[in-house]
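Some notes on the structure that comes next.
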Amino acid sequence: MGLDLKQLCVRERTNLESFTSKIVAIDAYNAIYQFLSIIRGPDGLPLTDYNGKITSHLSGLFYRNINFLSLGIKPLYVFDGKPPSLKSAEIQRRKQVKKDATIKYEKAISEGNYAEAKKFAQQTSVLRDDMVEESKILLQLFGIPFIQAPSEGEATAAHLTNTGQAHASASQDFDSLLFGAKRLVRNFTNSGKRKLPNRNTTIEIEPEIITLDKTLSSLGITREQLVDVGILIGTDFNPDGFERIGPKTALKLIKENEKLENILQIQDKLNEIDYEQIRELFLKPSVANVPEIKFDNVDYGGIVNYLTRERSFSLDRVETSLNRLKKSLEKKSQNLDQWFG
DNA sequence: CACTGTCA
DNA sequence: TGACAGTGG
């Protein structure tokens, strides 16, 4: 799933601190889905409130945004709108993966295989509309702005990096680059060790930045050609890609032939997909026009109220974290007062 | 994922 | 102090 551009990109290590005072357009669905699938108890089930409603997404957003704001990072969440119709095959495929995972989960449970059960439980995650609404409530209480994209969120996030309204776009998906994001940040989190699924080892996860211009000049191709490379590898709009063509071959073919139409050996397959429309989706996507981006004050009381009274969060934990944020923000305004006061 | 408590 | 296991909801 997703577009496998990892080995073709110029990826540079970075850290959260280098985004202080910068607006970063965050692929909201990407972030929330990650929380939903990863923040789970030992049994593999997501966290829930007294009503049995899932709260994993709220836990993730709560702590991560506290970190962002504490560091002076300005997150702007971009939510997906209606997916392009060309995406329906991919959406259908993902649904099927979830169905299969549900069966495998139940099998693992009945066999008493905990680790397997957890793995498959994660794959069953579904991001529902009410979770999106709840996430927006929490963002609003944090004073963090969010926008609704007309179609793909990544497209609008990429657009904002070009209008100068955002410094970078944050997502795990490389599609952002095809949409023209000037800078893409992956692993936009605190660095730390993560356990690999299955294996008994841990790896260090660190934020990384991919600059589109650097990547294009290192590959020696244009953005239009990168889109063609993407189509050869397989995008959400042609998930199967082309047989026996991976990132390396795709790049080679485009460099040798300039564009899809000139690659003789793929013409039969190429005519089975609407490649011109796929190009258009990446190169001229429908995006939101964003007049101004405003950050509000944090509504500390409102956050405590919502998370503890309505969503079963521990008062102690919520207050401890919010006090840490308050301290950081006060320190920041003191620093400003020293300059202007 | 991100936090907390424990133990060397 | 820092690595790791366990917990959060």
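Naming convention: chains lettered A, B, ... in sequence-line order (proteins, then strands); numbering from 1 in each chain.
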Once you round it to whole Å, what is the distance between C1' of dT4(B) and CG of Asn323(A)?
-> 17 Å
Is it the case that Lys74(A) places NZ or CZ above or below the six-membered ring of Phe68(A), under 6.0 angstrom from the centre and within 45 degrees of the axis?
-> no
Go through Asp175(A) and Thr235(A) one step at a time and tell me if the side-chain contact (heavy atoms from CB on, under 4.5 Å) criterion holds.
-> CA-CA 8 Å; Asp175(A) 304 33; Thr235(A) 71; 5.5 Å; no
Any Arg317(A) side-chain nitrogen or oxygen under 4.0 Å from OP1 or OP2 of dT4(B) | no
Walk me through it: do Gln265(A) and Ile263(A) pass the test side-chain contact (heavy atoms from CB on, under 4.5 Å)?
-> CA-CA 6 Å; Gln265(A) 61 265 46; Ile263(A) 309 171; 3.6 Å; yes
Atom-to-atom span, CG of Leu307(A) to C1' of dC3(B) - whole angstrom | 15 Å
Between Asp27(A) and Ser171(A), is any side-chain donor less than 3.5 angstrom from a side-chain acceptor?
-> yes
How is Ser321(A) classified with respect to the nucleic acid when contacts are heavy atoms under 4.0 Å: base, sugar-phosphate, or nothing?
-> nothing
Quick one: how far along DNA chain C does chain A reach, first to last nucleotide 5' to 3', anything under 4.0 Å to a heavy atom?
-> dC4(C) to dG9(C)
Please give, in whole Å, the distance from dA2(B) P to Phe313(A) CZ?
-> 14 Å
Going by atom types only, do Ser59(A) and Thr55(A) share a side-chain donor-acceptor pair under 3.5 Å?
-> no
Nearest-Å distance, CG (Asp316(A)) to C1' (dC3(B))?
-> 12 Å
Rounded to whole Å, CG of Leu61(A) lies from C1' of dC3(B) at a distance of 16 Å
Asn67(A)-Ser70(A) side chain donor-acceptor pair, cut-off 3.5 Å | no
Salt bridge (Lys or Arg N to Asp or Glu O under 4.0 Å) against Glu256(A), all qualifying residues, sequence neighbours excluded | Lys252(A)
Just say parallel, tilted or perpendicular for the rings of Phe62(A) and Phe142(A), cut-offs at 30° and 60°.
-> tilted
Check DNA chain B against residues 21-58 of chain A and give the residues with a non-hydrogen atom under 4.0 Å, in numerical order.
-> Ile38(A), Ile39(A)
